[in-house]
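Reading through the structure tokens given below for one structure.
Just so it is clear: chains get the letters A, B, ... in the order the sequence lines come, proteins before strands, and each one is counted from 1. The figures that follow rest on heavy atoms only: side chains count, while hydrogens, waters and symmetry mates do not.
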There are 2 protein chains.
Amino acid sequence: MGIPERKEREKEELRERILTAAKTLFLEKGVEKTSIRNIADLIEYSPGIIYHYFQDKNEIFHALHQGGFHQLMSRMGVLTSVSHPMERLKAMGTIYVQFAMENPDMYDLMFIKEAPIDHVSNSNEEQWKEGFGTFNFLRDTIKECIDKGHFQGHEIEALSYLIWSTVHGLVSLHIRRRCEVVLAHKQHTIVKEGLEEFFNILDKL
Amino acid sequence: MGIPERKEREKEELRERILTAAKTLFLEKGVEKTSIRNIADLIEYSPGIIYHYFQDKNEIFHALHQGGFHQLMSRMGVLTSVSHPMERLKAMGTIYVQFAMENPDMYDLMFIKEAPIDHVSNSNEEQWKEGFGTFNFLRDTIKECIDKGHFQGHEIEALSYLIWSTVHGLVSLHIRRRCEVVLAHKQHTIVKEGLEEFFNILDKL
DNA sequence: TTTTGTTTTTGAACAGTGTTCATTTATTTT
DNA sequence: AAAATAAATGAACACTGTTCAAAAACAAAA
């Protein structure tokens, strides 16, 4: 008797359709301008149905931002081939920045917007699994660097946060348009140039 | 006949009262949850009046964020007493981070929220004067550092952007709650610790 | 003082928002 | 075929930013 299984499949299918519609609209118009009614229109259901699949709007965008972390993490996959941890750290930075510049809206959702984090706070899961995983990945690499003699006199946790902050700062000032009005000339190259300066500094440590 | 003068004064006064009310509500509930009707209620006028003093909601929050830049810049005033540019640069970083941590909502408005920048884009002023001024201040200090022999092999503009990015990253990940869920322990000290790591690095350059 | 002209202020209206929930429709089980 | 369960609806609630004809308040002229 496969009826409950089929029902389960159908539920999952509709959930996925909601998410796909939400993603389409979100990439078109951003989080704020994507309304529940817009999503409902696109999947040709009534607005109410969405609340049978998601607690609220935040949960939808939390689910979307998970997809972003999958994308980012899969890009990080190539790093296994970089054996020296210092080179790997720099390659990580490059991938991180590249991802952000190529998917600014997704990056914004993952690391700037409050919606997904609000959902983590309001649900009973005590932790932001996605972010935690990515941060650990960075910390492990930095740990290896320290083991190889780099970053002497530095504390691993604080240094990891600093390095994350640096790349996040580079891309988030750009995404939130704080540099296009300050460095109007070279606004298209400044993030890359800043990252290169950062690598120069890392090489000295 | 001072009637037009008095009228001018009264207009300016009401404008100021709108701004004060907006600031009160904004610091209480944030930008999104502060509505035009809330502001109107607080000053005991009808909602429509606000549109005789401001083009739209963004202009109100742009005006508010200007106040934040005044605050920040006046804090930077003490830096004139720091003669060595490298020490001055570090002191700037400390003041910047301190300002952000003590006024997270104002910092958010100044450097993260899109509202004030949207207003700059939509008005005819081609530039974000407030940000430009602060950035120049930073760049001038870094220029002096270079003149004294620091930061060899670095390009001034890109390096300035990198340093700004670093401190911005440190505080903005915290303000947007990306570190309290990743580094739940020591979430209250991580920004300070990260900044200290940064200073350690700067000392080596 | 009354009338005319100007400026300031109002508040209803528009088109939207997230969210809830009694009611209806569809499907499955008895 | 009837009863029970699950899925889906759409009206309603309390909001939002913004506009604009109409009203009220005030100043100048008669």
Q: Scan A/Y53 against the nucleic acid and name what it touches under 4.0 Å (heavy atoms): base, sugar-phosphate only, or nothing.
A: sugar-phosphate
Q: Have a look at B/L14 and say if it touches a base, only the backbone sugar-phosphate, or nothing, with a 4.0 Å heavy-atom cut-off.
A: sugar-phosphate
Q.
Which is more 5' along DNA chain C, the nucleotide nearest A/E32 or the one nearest A/I49? Just name the residue.
A.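 Between the two, 5'-proximity favours A/E32.
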**Q.** Phosphate-side-chain proximity, A/S35 and C/dT17, N/O vs OP1/OP2 below 4.0 Å
**A.**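 Checking A/S35 against C/dT17: at least one side-chain N or O falls below 4.0 Å of OP1 or OP2.
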Report the distance from atom [atom1] of [X] to atom [atom2] of [N], rounded to the nearest whole Å.
X     : N      : atom1 : atom2 : answer
B/E10 : D/dA27 : CD    : C1'   : 13 Å
A/Y45 : C/dA26 : OH    : C1'   : 11 Å
A/K57 : C/dT20 : NZ    : P     : 14 Å
B/I50 : D/dT19 : CD1   : P     : 13 Å
A/R17 : D/dA8  : CZ    : P     : 10 Å
A/K33 : D/dG17 : NZ    : C1'   : 11 Å
B/E13 : C/dT8  : CD    : C1'   : 15 Å
B/R15 : C/dT9  : CZ    : C1'   : 18 Å

Q: Answer yes or no: side-chain N or O of A/R37 and base N or O of C/dG16 forming a donor-acceptor pair under 3.5 Å.
A: no
Q | Closest nucleotide among C/dT10, D/dA7, D/dG10 to the A/S46 side chain | A |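 Selected nucleotide: D/dG10.
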Q) Out of C/dT10, C/dT17, C/dG18, which has the shortest distance to the side chain of A/I36? A)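 Selected nucleotide (nearest to the side chain): C/dG18.
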(Q) Out of the candidates B/T20, B/T34, B/L25, B/I18, only one should pair with B/L42 under the side chain to side chain contact (heavy atoms under 4.5 Å, CB included) rule; please name it. (A)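 In the set B/T20, B/T34, B/L25, B/I18, the residue that makes a side chain to side chain contact (heavy atoms under 4.5 Å, CB included) with B/L42 is B/L25.
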Q.
If you compare all heavy atoms of A/F54 against all heavy atoms of A/R15, which two are closest, and at what distance to 0.1 Å?
A.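 Looking at all heavy atoms of both residues, the closest pair is CE2-NH1, 3.5 Å.
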Q | Geometric cation-pi criterion, B/K113 with B/F61: 6.0 Å, 45° | A | no
Q: Under 4.0 Å from any atom of DNA chain C, heavy atoms only: list the residues of residues 18-27 of chain A that qualify, in numerical order.
A: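 Hits under 4.0 Å, by residue number: none.
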Q. Between A/Y96 and A/Y107, does the ring centre distance come in under 6.0 Å?
A. yes
Q.
Measuring centre to centre across the rings, with the benzene-like ring taken for any Trp, is A/F132 within less than 6.0 Å of A/F69?
A. no
Q) Salt bridge check: are B/D147 and B/K143 linked by an N-O gap of less than 4.0 Å? A)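 A salt bridge links B/D147 with B/K143.
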Q: Applying salt bridge (Lys or Arg N to Asp or Glu O under 4.0 Å), name anything that partners B/E12, two or more places apart in sequence or on another chain.
A: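 By the salt bridge (Lys or Arg N to Asp or Glu O under 4.0 Å) rule, B/E12 matches no residue at all.
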